[in-house]
Structure formats: structure tokens, C-alpha cells
J.: 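This structure is in C-alpha cells; I'll ask about it shortly.
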Amino acid sequence: MSQYQAVKGTKDIFPEESAQWKYVESVVHTLASLYGFNEIRIPVFEYTELFQRGIGSTTDIVGKEMFSFQPDPQGRSVTLRPEMTAGVMRAVLQHNLFSSAPVHKLYYIGELFRKERPQAGRQRQFSQFGAELLGVSSPAAVAEVITLMMHVFESLGLKGLKLRINTLGNTEERFRYREALQAYFAPFNEVLDDASKDRLEKNPLRILDSKNPALKELIAGAPRLYDFLNDASLQDFEKVLFYLSERHIPYEIDHRLVRGLDYYCHTAFEVTSSELGAQDAIGGGGRYDSLARELGSSSDVPASGFAVGMERLLITMEKQGLLASLNHPVPLVFVVVQQQELADHALAIAWRLRKAGISTEMDLAARSMKAQMREANRMKAAYALFIGANEYTTGSYSLKNLVSSEQQIFSLEALLEFLHESATKEVVD
RNA sequence: GUGAUUGUAGCUCAGUUGGUUAGAGCGCCAGGUUGUGGCCCUGGAGGCCGGGGGUUCGAGUCCCCUCAUUCACCCCA
């Protein structure tokens with residue numbers, strides 16, 4: 001056990017695994033641009049007030065999960081970003097993007113930080129990719145972000161994911177519903193658990209998705225938000241569902257789905273994976289029209305977005321056997337030196353091969369031929385190129401195929417040509 | 001923040017009712033083959049038995065504390 005270990009809830013990603021990450025990221029980049037989203041990269045920390053205003057001070061994230069610190073004794077408190085949406089909106093408003101175009105479609109991949117107790121599928125540093133469609137209030141906008149998200153899952157080959165969807169209505173509807181809920185739950189105050197009592201005051205909607213089995217019956221009898229929605233809100237939701245059906249995206253309406261963040265309105269959705277254990281949400285999102293105003297914008301900015309947990313996505317892919325064939329790149333050629341007097345010559349050859357675009361490795365530690373061959377084998381190099389006294393004097397090159405064990409002699413030109421062909425063939429395979 | 005769980009070699013794990021120099025498999029290194037890998041054989045390196053304290057003639061083993069891990073609650077990706 002070494003003296004230092006990674007901070008609680010963080011983890012190292014070694015080459016085997018980083019190859020998997022790169023693959024998923026490449027799919028995200030490709031599909032996001034297919035849908036017309038462009039990448040935004042924002043700072044990993046922001047002033048703490050941004051998250052307090054944006055996410056909402058009653059949420060657990062702001063209440064107890066933020067990594068906050070003060071860079072200067074007199075300075076303002078800053079916080080490692082616990083989610084992306086607030087920062088993206090801040091960047092868009094700060095740079096007045098809406099003065100140049102009415103609609104902005106942005107996506108991101110990045111690390112987030114939340115001070116929670118780690119468990120399966122939950123870390124203190126984790127990654128999400130996500131997209132935000134800003135400036136459009138049409139149901140087509142939410143449908144588009146959901147479609148992009150589901151397209152990524154499909155493209156990666158994931159099976160059996162469940163999309164649950166609900167509508168939270170507009171601010172006014174939710175306010176009236178909130179009062180109705182408080183009126184409903186108030187007489188049962190003694191029955192409620194501590195967390196729910198707290199929520200009754202601050203955010204009664206969240207009592208609805210409590211997992212406490214003791215409250216199940218009580219919750220089932222609660223008034224439904226659906227009954228508080230006006231025609232416009234209902235039609236908006238119906239239209240979203242229509243788009244999903246038309247695109248063959250299966251969903252399940254869940255009237256108890258309430259997302260944890262204060263800024264959501266109208267459509268809210270969540271995707272779960274049965275492969276994940278207790279933390280089974282792999283992605284989620286919704287509409288958040290009020291966020292911009294919350295952050296000081298003078299006008300509303302209709303917005304839709306989703307976020308997907310990279311680690312949870314990768315765990316699910318692993319369980320479904322979708323990562324087995326992904327490996328880090330291996331060298332095509334391993335240069336083996338017979339005697340150390342030829343090491344410089346071998347280095348020169350390796351350099352020439354690399355300049356010619358042929359991935360090449362060699363032992364830099366002056367080890368025995370046997371050790372060099374073992375290394376080549378361990379690296380799964382396709383060929384071993386022998387640099388020995390014979391080859392050196394005759395100006396020839398012995399190349400051994402490490403799979404078939406066949407060995408043949410080349411001139412330098414022929415060698416380069418042969419390896420170049422092998423390299424392009426590998427890429428095609 | 002609460003509960004439970006597990007800490008012995010790089011990895012996966014043995015280690016009897018407390019009893020001499022703490023083991024195996026895999027991996028690593030070297031040799032068997034001083035111009036050729038994988039398979040095989042031989043040898044080798046590598047352990048404050050998570051840390052601290054206590055009980056005992058004696059602790060990897062028992063007790064207390066602590067740190068860390070994992071899982072669950074809460075909540076979320």
C-alpha cells in the first residue's frame with residue numbers, strides 16, 4: 001500500500017479503459033454534430049452563487065454536496081461544478097450569444113464534482129456528456145434532445161434502457177399544485193419521515209418520488225399534477241410524446257417523476273438501466289425555461305437539455321459485453337537489437353519507420369534479445385524487426401511475423417512498402 | 001451525514017483452537033537456447049499481514065480506536 005492514494009470517490013483510468021472512453025466520446029462527438037450541436041467547454045469551477053441561484057438552494061446538491069473554497073482570503077467563494085447546465089447558461093448569457101443568433105445548440109463532455117458518499121455508480125468526481133438547446137420553446141426542441149440522447153445509446157448498442165417521462169407544467173401551474181400538495185400532506189405530518197417533512201415546506205413535489213415504502217400509499221392518493229395543467233401545457237406534452245412515438249422511441253409516462261433540480265419545468269425525463277444497482281439513472285433532463293431569468297437575464301430563455309453519466313454508461317456497456325473488443329492501440333513493429341553496438345542504428349531505423357507512419361516500439365533499456373522478444377509479444381506487436389550484425393553488413397532487414405512465425409528478408413525500400421501496406425490493411429480491418 | 005462490509009505480495013486469495021524463518025496461483029525478472037517471443041522446466045525478486053494502542057511468555061489470528069474499501073440509505077448522472 002503506497003503512502004498516497006487517490007482521493008475518496010475518484011478513480012484512475014488506465015490505457016485499457018481509456019480506449020473505451022475515447023470510443024464513447026467519439027460517438028458522442030459524431031452524433032452531436034450530426035444533430036447540429038457544437039461543443040462548448042467551460043471552466044470546472046464557478047462562483048458559488050451561480051449554483052445556489054441556478055440549481056436552487058433547497059436541493060441536496062447545493063445544500064450538502066458542493067466542493068466550495070475561497071481562492072483568496074477576501075475573495076468570493078467558488079465551487080467545483082456539480083453539474084453543467086448552470087455554467088453553460090452563464091457562459092451564453094455572459095457573452096450575449098442571443099444577440100448574434102436566436103437559437104444555440106451546444107453539447108459538452110466534462111468532469112463534475114459532488115461531495116457524496118461513493119457507492120456503485122457514484123463517485124465524487126464523475127463525467128457527463130450532455131446537450132443544451134437554447135432559445136426554442138417548441139416541444140420539438142425537447143424531443144430533439146431526447147432523440148439525440150437515445151440515438152447515442154442505440155449507436156453504442158445498449159439494450160433494455162427505460163425512458164420515463166413526465167410533465168411538470170409551467171411555473172403557475174406548479175405553484176397551485178404545490179399548494180394542493182401541501183394541503184394534502186399537512187394532516188399527515190406525523191406520518192411523514194424527516195426528509196419528507198422538510199420537503200413539505202421547501203419542495204413538496206419531491207415527496208412524490210420518495211422511495212420510502214411506508215409512504216407509498218399516502219403518495220398514491222395525492223393529487224396529480226396532470227389535473228392542474230391547462231390546455232396549452234397538456235398539448236405541449238402530447239406533442240413531445242407524439243414525436244417520440246413517431247421516431248420509435250419507447251417511453252413510459254411516470255406521473256411521479258420529479259427531477260431534483262429546481263429549474264425544470266414542463267417535460268422532464270430520465271433513463272434508467274437495470275444493469276446498475278441502486279444508482280440506476282444513466283441519464284436525464286428536461287425543460288428549464290426559468291433558469292436564465294434566475295441567473296439575471298431580463299427575458300426568458302426557453303431551454304431543453306439532457307445529461308448522461310459516462311461512468312454509468314460504461315458500466316452498463318461493460319455488463320452488456322459491448323466493451324470487449326475495445327483495446328488500446330498496439331505497435332505494428334517491435335525493433336529487436338542483437339548487440340548493443342547496433343542500438344543507435346536500430347533507433348535510427350525505428351525513427352524512420354515512425355516518420356513513415358508505421359507505429360514502432362523498441363526496448364530502450366538495453367535488455368537481452370529474449371527480453372526484447374518477450375516485450376514484443378506482451379505488447380502484441382504484429383512484427384519483430386531484427387537488427388543484427390548480418391543485416392547491418394548486408395544492409396538487409398529480417399522481419400518476423402509474430403503470429404505466423406514466418407520470417408523474411410527485405411531491403412529498406414521493400415520493408416517500408418511492406419509495412420506501409422500492413423498498416424493500412426490493419427486500419428481497414 | 002447514517003448503517004453494514006472488507007483490509008495478508010503487483011492481482012486473486014489461503015493462513016487450523018493465538019505458537020518458530022507468513023504461503024499458493026497468476027503476473028514480474030533471470031536462466032535453460034551468448035541471433036528469435038508464446039508452451040514447458042529451473043531459479044529469483046517482491047509482504048511494517050492498512051495504521052495505532054491493548055491483552056498475552058507469544059498476535060496475521062483476540063479487544064479497543066483510527067484510516068481506507070465496498071455496498072446500501074438519502075439524493076442524483
Side-chain angles (χ1 to χ4, degrees), chain A residues 1-11 14 55 58-65 81-85 109-130 149 193-196 198-199 203 206 209-213 257-261 269-273 276-285 305-316 334-340 342 363 365 367-392 398-407:
Chain A
M1 183 85 59
S2 74
Q3 185 177 1
Y4 292 106
Q5 47 187 305
V7 171
K8 184 201 284 290
T10 67
K11 118 186 222 275
F14 289 101
I55 304 172
T58 67
T59 61
D60 283 6
I61 293 177
V62 171
K64 58 184 191 187
E65 295 172 3
R81 59 189 186 195
E83 57 109 52
M84 283 285 195
T85 304
I109 302 178
E111 295 73 41
L112 305 176
F113 306 84
R114 265 127 83 162
K115 197 163 57 190
E116 301 180 274
R117 200 73 157 251
Q119 71 185 78
R122 167 186 288 163
Q123 298 165 207
R124 287 182 162 192
Q125 178 182 333
F126 60 104
S127 302
Q128 289 183 347
F129 72 86
M149 177 181 71
D193 53 61
D194 288 349
S196 295
D198 199 43
R199 288 182 199 134
N203 193 348
R206 286 181 49 215
D209 64 356
S210 167
K211 284 173 192 162
N212 187 344
L257 176 68
V258 181
R259 309 234 71 229
L261 282 42
F269 56 90
E270 191 168 284
V271 176
T272 53
S273 157
L276 284 176
Q279 308 308 320
D280 63 352
I282 194 170
F306 74 83
V308 170
M310 288 286 283
E311 287 82 2
R312 293 182 184 178
L313 177 66
L314 283 158
I315 291 169
T316 305
F334 193 101
V335 179
V336 175
V337 197
Q338 182 207 343
Q339 40 192 212
Q340 280 316 300
L342 295 171
D363 175 46
R367 294 147 82 203
S368 70
M369 271 190 86
K370 182 171 186 158
Q372 293 177 62
M373 286 301 285
R374 266 204 296 261
E375 189 66 25
N377 200 53
R378 180 169 33 229
M379 284 181 173
K380 299 190 169 73
Y383 297 99
L385 179 68
F386 294 104
I387 305 295
N390 288 342
E391 285 84 354
Y392 186 62
S398 301
L399 190 71
K400 179 173 186 174
N401 183 318
L402 289 176
V403 178
S404 67
S405 291
E406 285 165 28
Q407 190 163 332

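First the proteins, then the strands, lettered A, B, ... as listed; each starts at 1. Owing to the predicted nature of the structure, the values given are computational and were not obtained by experimental measurement.
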J.: Just jot down the side-chain hydrogen bond (donor to acceptor under 3.5 Å, both in side chains) partners of R378(A), sequence neighbours excluded, or say none.
T.: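 For R378(A) the side-chain hydrogen bond (donor to acceptor under 3.5 Å, both in side chains) partners, ignoring immediate neighbours, are E375(A).
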J.: Which heavy atom of M369(A) sits nearest to which heavy atom of V337(A), and what is that distance?
T.: CG-O, 3.5 Å
J.: Using the C1' atom on both, measure G46(B) against U8(B) and round to a whole Å.
T.: 14 Å
J.: NZ of K64(A) versus P of U2(B): gap in Å, rounded?
T.: 12 Å
J.: Can you see which heavy atom on A384(A) is nearest to which on V336(A), and at what distance?
T.: CB-CG2, 4.2 Å
J.: Distance check, P atoms only: C11(B) and C28(B), in whole angstrom units.
T.: 15 Å
J.: For C67(B) and G47(B), measure between their P atoms and round to the nearest Å.
T.: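 Straight-line distance between the two P atoms is 27 Å.
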J.: Taking atom C1' of A77(B) as reference, at what distance in whole Å does atom CD of E116(A) sit?
T.: 10 Å
J.: Answer with base, sugar-phosphate or nothing: what part of the nucleic acid does E311(A) contact at a heavy-atom distance below 4.0 Å?
T.: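 No contact.
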J.: Just by protein heavy atoms under 4.0 Å, how would nucleotides 41-47 of chain B read 5' to 3' in B, S and -?
T.: -------
J.: When the P atoms of U61(B) and U21(B) are considered, how many whole Å apart are they?
T.: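 My reading of the P atoms in U61(B) and U21(B) gives 16 Å.
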J.: By the 4.0 Å heavy-atom rule, please label A120(A) as base, sugar-phosphate, or nothing.
T.: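 A120(A): backbone/sugar contact only, no base atoms under 4.0 Å.
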J.: With a 4.5 Å limit on heavy-atom distance, are the side chains of M149(A) and V308(A) in contact?
T.: yes
J.: Assess, by modelled atom type and distance only, whether the side chains of T10(A) and Q125(A) contain a donor and an acceptor separated by less than 3.5 Å.
T.: no
J.: Would you call E311(A) and S127(A) a side-chain contact if the rule is heavy atoms closer than 4.5 Å?
T.: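 Yes. Closest side-chain heavy atoms under 4.5 Å.
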J.: How many Å lie between NZ on K115(A) and P on A77(B), as a whole number?
T.: 19 Å
J.: Calculate the interatomic distance between I315(A) atom CD1 and U70(B) atom P; express it in whole Å.
T.: 11 Å
J.: In whole angstrom, give me the gap between the P atoms of U12(B) and G50(B).
T.: 15 Å
J.: Between the base of A72(B) and the side chain of Q279(A), is there any donor-acceptor pair under 3.5 Å?
T.: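 For Q279(A), whose side chain was compared with the base of A72(B), there is no donor-acceptor pair (under 3.5 Å).
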J.: Distance check, C1' atoms only: G7(B) and C49(B), in whole angstrom units.
T.: 10 Å
J.: In whole angstrom, give me the gap between the P atoms of G60(B) and A45(B).
T.: 22 Å
J.: Could you work out, with ring pair (Phe, Tyr, Trp, His ring centres under 6.0 Å) as the rule, every residue matching Y383(A), not counting sequence neighbours?
T.: F418(A)
J.: Can you tell me which stems involve RNA chain B, if a stem is defined as three or more consecutive Watson-Crick or G-U wobble pairs, both distances under 3.5 Å?
T.: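 Result, WC/G-U stems under 3.5 Å: B:1-4 with B:70-73, B:10-13 with B:23-26, B:28-32 with B:40-44, B:50-54 with B:62-66.
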J.: Please check the phosphate of U69(B) (OP1 and OP2 only) for any side-chain N or O of Q5(A) closer than 4.0 Å.
T.: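 Checking Q5(A) against U69(B): no side-chain N or O falls below 4.0 Å of OP1 or OP2.
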J.: Within the 4.0 Å limit for protein heavy atoms, which parts of nucleotides 28-39 of chain B are touched? Write it as a string from 5' to 3', B for base, S for sugar-phosphate only, - for none.
T.: SSSBB--BBBB-
J.: By salt bridge (charged side-chain N to carboxylate O under 4.0 Å, His left out), which residues pair with K380(A), not counting sequence neighbours?
T.: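 Here no residue qualifies.
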J.: Determine whether L399(A) and F386(A) make a side-chain contact, defined as any pair of heavy atoms from C-beta on separated by less than 4.5 Å.
T.: no
J.: Taking all atoms of both residues into account, what is the closest heavy-atom pair of G388(A) and Q338(A), and its distance?
T.: CA-OE1, 3.2 Å
J.: Let me know the distance between CZ of R117(A) and C1' of G3(B), rounded to the nearest Å.
T.: 9 Å
J.: On RNA chain B, nearest-nucleotide positions of K8(A) versus G277(A): which is more 5'?
T.: K8(A)
J.: A77(B) C1' sits how many Å from I282(A) CD1, rounded?
T.: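 Result: 9 Å.
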J.: With a non-hydrogen cut-off below 4.0 angstrom, is G130(A) in contact with a base, only sugar-phosphate, or nothing?
T.: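 Nothing, no nucleic acid heavy atom in range.
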J.: Could R122(A) and E116(A) be called an ion pair, given the rule that one side-chain N must be under 4.0 Å from one carboxylate O?
T.: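 The answer is yes: the pair qualifies as a salt bridge.
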J.: So, taking the atom named CD1 in I282(A) and the one named CE in M310(A), what distance separates them when rounded to the nearest 0.5 Å?
T.: 10.5 Å
J.: Rounded to the Å, how far apart are E65(A) CD and C74(B) C1'?
T.: 9 Å
J.: Give Q123(A) one of three labels, base, sugar-phosphate or nothing, depending on what nucleic acid heavy atoms sit under 4.0 Å from its own.
T.: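 Base contact.
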J.: So, does the side chain of Q119(A) form a donor-acceptor pair with the base of C74(B) at under 3.5 Å?
T.: yes
J.: If I take atom CD1 in residue I109(A) and atom P in nucleotide A77(B), what distance separates them, rounded to the nearest angstrom?
T.: 18 Å
J.: Taking the C1' atom in each of G37(B) and G31(B), what is the distance between them to the nearest angstrom?
T.: 16 Å
J.: Do P82(A) and I61(A) have side-chain heavy atoms sitting under 4.5 Å apart?
T.: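 Heavy-atom side-chain distance check passes, below 4.5 Å.
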